[in-house]
Amino acid sequence: MNYGNVKNFKTRLHSFLVFLKTQNLGVKDYLSELNEAQQQAVVSSEGPVMVIAGAGSGKTRVLTYRIAHLLKKGVDSFNILALTFTNKAALEMKDRIEKIVGNKEARNLWMGTFHSIFARILRIEGEKLGYPSNFTIYDTDDSKSLIKSILKEQNLDEKTYKSSVVYNRISSAKNNLISWQKYNSDSDIQADDRASGKPKMGLIYEQYQKRCFSSNAMDFDDLLFNMNVLLKNFPDVENKYQHRFKYILVDEYQDTNLSQYLIVKKLAAAHENICIVGDDAQSIYSFRGANIQNILNFKKDYPELKTYKLEQNYRSTKNIVNAANSIISNNRDQLKKDVWTSNDDGDKIKIIRTLTDNEEGNQVANSIFDTKYSRQGRNKDFAILYRTNAQSRAMEESLRRKNIPYKIYGGLSFYKRKEIKDLLGYFRLTINVNDEEALKRIINYPARGIGNSTIEKIGVAASEAGVSFWSVIENPNGYNLGINAGTYTKLQEFITMIKSFKVQLITLNAFNLGSHIATSSGILREFYNDKSPEGLSRYENIQELLNGMKDFSDTPISNDDAEVVDDSLRTLDKYMQDIALLTDDEAENPEDRDKVSLMTIHAAKGLEFPYVYIVGLEENLFPSQMALNSRTELEEERRLFYVAVTRAEKCLTLSYSTSRYKWGNVTHCEPSRFIEEIDPSYLELPHSKNTSSSHIYSDIDSFQDTASYTQKPNNTNKTTATNHPPKPPIEKRNLVKLSKATTINTSDKSPTFEGDDTSKLQIGQHVEHQRFGTGIVSKLEGVFPNQKASVNFTAVGEKQLILKFAKLKILH
DNA sequence: ACCGTATTCAGCGCG
DNA sequence: TGAATACGGT
């Protein structure tokens, strides 16, 4: 996400609100847009409520209308807490609520992800736990890097203690509220770790927590864990938030883990106005700690519970809905519900069978190509869904051959790119000098002669003393570092530089300080001098980040009348708090508007497409080999398949190949058991007559492919390994700029109240605001397009306005 | 400090 | 297969 998008979004929203007002569209008739079950779920605002929402049944609609309904009833938005799992879901809900009740009413809603809401509370209350309000939030990379440092210091084998395994173990402990103290005193856990040959796991956990703490840092799981601690150990805090959040809503409840479950339960304890929405059939995240029992057992926590089932599917055809039902009926653990639709029967589900994975790609691409023309479809109406990311390659190649534009979701996100993380590292250290991971990342980047051995010496001293790296460097005399005078000077120079940034935190805005840091740290020069395509792209990405910061800095908080409500300096630490928990919502790039979507099924959850292809339906791939050991795991795979199937609106195609490359070898594959689980009356089985010319040729192709691969000599020389023509660099797509942060959509005009061009507005001019009436411009600040004006209105007095939103009419 | 080569590993991934 | 990382030589 970037601020350009937010801005465009605000502009759009503003236009829409103006439109609503002028159309005199009341908010009363919103209930008439709902079916009976939806209406009940919306209006039963008091007491515990569970909404079981089948796929495509209008879940988000119910959630948003429910909140709108509360607000219309006079509930203060300040008293409503709405928790989601993704930023995207939160944004979408906010968007829709604002459309119903207006920005003003919705502004104080506590709506966001579990992590962002609790981070916000911890910034306020964290001092009680010993955290300053500017604590850093470690992302997964930071956590793993810290684990690696600890392994080195403890002389532990990095293979026995793989950082990802250790990370998951610690994460799962925290999500089950097992502190390191508890972990180390629990004999079962200890025995378990000894049995798996990892007896030092508890020690690593302890070190990890201590290091995070001395770095003033929390990882993602700590945000939830510490929120639990806060509520448990500080009754006054518990009391405060219990009474603030009179109404609580939780989306995707089937995906909550124990830690989240307990927080919600505690917060809801005073009023018990809790509404959870979810679908047990779409629980697909148990591998990261989600506990489906939370929704299955919700009734036990609240015996007074009212349950509403949203069973009418508005998304898909009868064939698709019924096929999905027949799949999920194979699962034992589920809440009973009958999903149905009044939509047409639609096409039967098609099945494509091929001999190789490349051929699978070709046939899917052919089918998309044909359907696109026969049904007048757009590219963006199509999605290809797969179980594992590795499957995307064959699809990409085939689509490229047919010149079908596509977009892969789930690549390297903007904020995870090296150059961005480097610059953010400087920002992080400036804000929180104890941030160990930020310090390690940048202390010698760009190179300034502070090598690994020096950093290791500092690390040893720091962890022995239980203080941060920064404290050691800042006051080196207190420790026996054994570094030479030259290095010592370099360290001092580094410290001085960061300190010089730090003092400017309160005097400069985010953009000005950010660009100053980018320049004087040498980061910008580093990438500027690199004239390779990668270097160029990195340089552009840095520019992109700075553009976003400029937008952030120039845009004070305003309301839907474009009135400035918070004009305080938009500083770097505010910026960092804003982006800390963001993963970018790509897709806003106008070039990506009409493309076929390629993504994993997990990534497709919550989305819908007219034409969906689920590929790689083979035993050991989908269901995954790793899920064949237990019924619960297999049931989760089946739910995943259910999610995939229910993404389709009009037409669903399943495909499998009888052979596939796995880790460089051709493996024989059996069709997935999931295909057989679909009631055959909804299927269009592959006929043998299905041999259009393209298929014949493709089959010959695929045999040749297979032959050439099997003949390949063992030694895999890179220059001869492939007989495909050199392909355009796919890697480029990861470096493509995500979006234009500075684009301002000036053509986005309100349908009823058109503002004049205010770029040349002058002091003393008479203007008209569609809400505040007429007034005289008394002051102008900033440069177009981020110009602000103070206007003395006859009716309401002086207001500060952001010109690009305010849509002022110039009077003569 | 840096580069090329060897080795290893491969499931989905929110915040 | 191929990417990510560790290693080892200069």
Side-chain angles (χ1 to χ4, degrees), chain A residues 83-90 112-119 137-145 148 152 158-159 162-165 167-168 171 175 218-224 251-252 255-257 259-260 283-290 357 385-391 393-394 409-413 415-416 418 444-453 579-585 599-606 616 620-628 633 636-637 639-641 643-644 660-667 709 712 714 716-718 721-722 724 730-731 734:
Chain A
L83 296 168
T84 65
F85 272 79
T86 62
N87 288 309
K88 205 175 141 206
T113 62
F114 278 86
H115 293 88
S116 69
I117 295 286
F118 301 143
I137 297 172
Y138 275 178
D139 68 16
T140 313
D141 290 341
D142 294 320
S143 300
K144 286 181 181 167
S145 149
K148 281 182 188 164
K152 267 191 193 137
E158 292 204 25
K159 276 156 205 150
K162 259 188 63 184
S163 66
S164 57
V165 173
Y167 175 78
N168 285 329
S171 167
N175 285 328
M218 296 191 202
D219 68 14
F220 293 137
D221 303 311
D222 288 332
L223 294 172
L224 306 176
D251 192 13
E252 306 276 16
D255 287 333
T256 49
N257 60 36
S259 189
Q260 291 161 327
S283 161
I284 54 173
Y285 280 112
S286 77
F287 70 88
R288 66 178 194 219
D357 43 6
L385 309 181
Y386 34 79
R387 181 64 177 81
T388 67
N389 277 312
Q391 290 166 257
R393 182 161 299 262
Y409 289 78
L412 198 58
S413 84
Y415 296 107
K416 282 198 168 160
K418 180 190 181 298
N444 199 31
Y445 191 86
R448 47 176 76 86
I450 303 172
N452 276 336
S453 61
I579 66 161
L581 290 163
L582 283 187
T583 48
D584 43 29
D585 296 324
M599 63 183 88
T600 63
I601 301 165
H602 283 90
K605 191 179 179 196
N620 296 328
L621 179 61
F622 194 13
S624 156
Q625 195 170 8
M626 299 169 182
L628 301 179
E633 280 179 289
E636 176 145 324
E637 291 285 301
R639 290 193 295 270
L640 190 58
F641 185 46
V643 167
R660 180 174 298 277
Y661 275 95
K662 272 185 191 163
W663 309 319
N665 296 311
V666 182
T667 341
Y709 278 116
K712 202 164 45 186
N714 257 350
T716 47
N717 188 325
K718 276 199 173 167
T722 170
H724 294 300
I730 303 171
E731 301 71 36
N734 285 336

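Every chain is numbered from 1 and lettered A, B, ... according to where its sequence line falls, protein lines coming before strand lines.
Considering all non-hydrogen atoms of both residues, A:I137 and A:D142 come closest at O-OD2, 4.4 Å.
If you check the side chains of A:T84 and A:D251, you find no donor sitting under 3.5 Å from an acceptor. Side-chain atoms of A:T113 and A:S116 form a donor-acceptor pair, as typed in the model, at a separation below 3.5 Å.
For A:K159 and C:dA4, the NZ to C1' distance is 14 Å, given to the nearest whole Å. Nucleotide C:dG2 holds its C1' atom 18 Å from the NZ atom of A:K662, rounded to whole Å. Straight-line distance from the NZ atom of A:K416 to the C1' atom of C:dA4: 15 Å, rounded to whole Å.
Within the 4.0 angstrom heavy-atom criterion, only backbone atoms of the sugar-phosphate kind lie near A:N444; the bases stay farther away. Using a 4.0 Å heavy-atom distance criterion, A:D139 is classed as making no nucleic acid contact. No engagement by A:K148 is indicated, since no non-hydrogen atom pair under 4.0 Å with the nucleic acid exists. When heavy atoms are screened at a 4.0 angstrom cut-off, A:E158 is found touching the sugar-phosphate backbone but no base atom. At the heavy-atom level, A:Q391 lies nowhere under 4.0 Å from the strands shown.
Going from the C1' atom of B:dG11 to that of C:dA6 covers 24 Å, rounded to whole Å. The separation of C:dT5 from B:dC12, taken at their P atoms, amounts to 16 Å, rounded to a whole angstrom.
With sequence neighbours excluded, the residues that form a salt bridge (Lys or Arg N to Asp or Glu O under 4.0 Å) with A:K418 are A:D422. With sequence neighbours left out, the salt bridge (Lys or Arg N to Asp or Glu O under 4.0 Å) criterion links A:R660 to A:E360, A:E618.
A ring-centre distance under 6.0 Å is found for A:H602 and A:F287.
Both A:L640 and A:L581 sit near DNA chain B, but only A:L640 has its closest nucleotide nearer the 5' end. Toward the 5′ end of DNA chain B lies the nearest nucleotide of A:A447, the other residue of the pair A:S624 and A:A447 mapping further downstream.
Between chain A and DNA chain B, the heavy-atom contact criterion of under 4.0 Å yields a 5' to 3' nucleotide range of B:dA1 to B:dG15.
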Legend entry - Audit row: A:K662, A:D357, salt bridge (charged side-chain N to carboxylate O under 4.0 Å, His left out) steps and yes/no: CA-CA 10 Å; A:K662 272 185 191 163; A:D357 43 6; over 6 Å; no
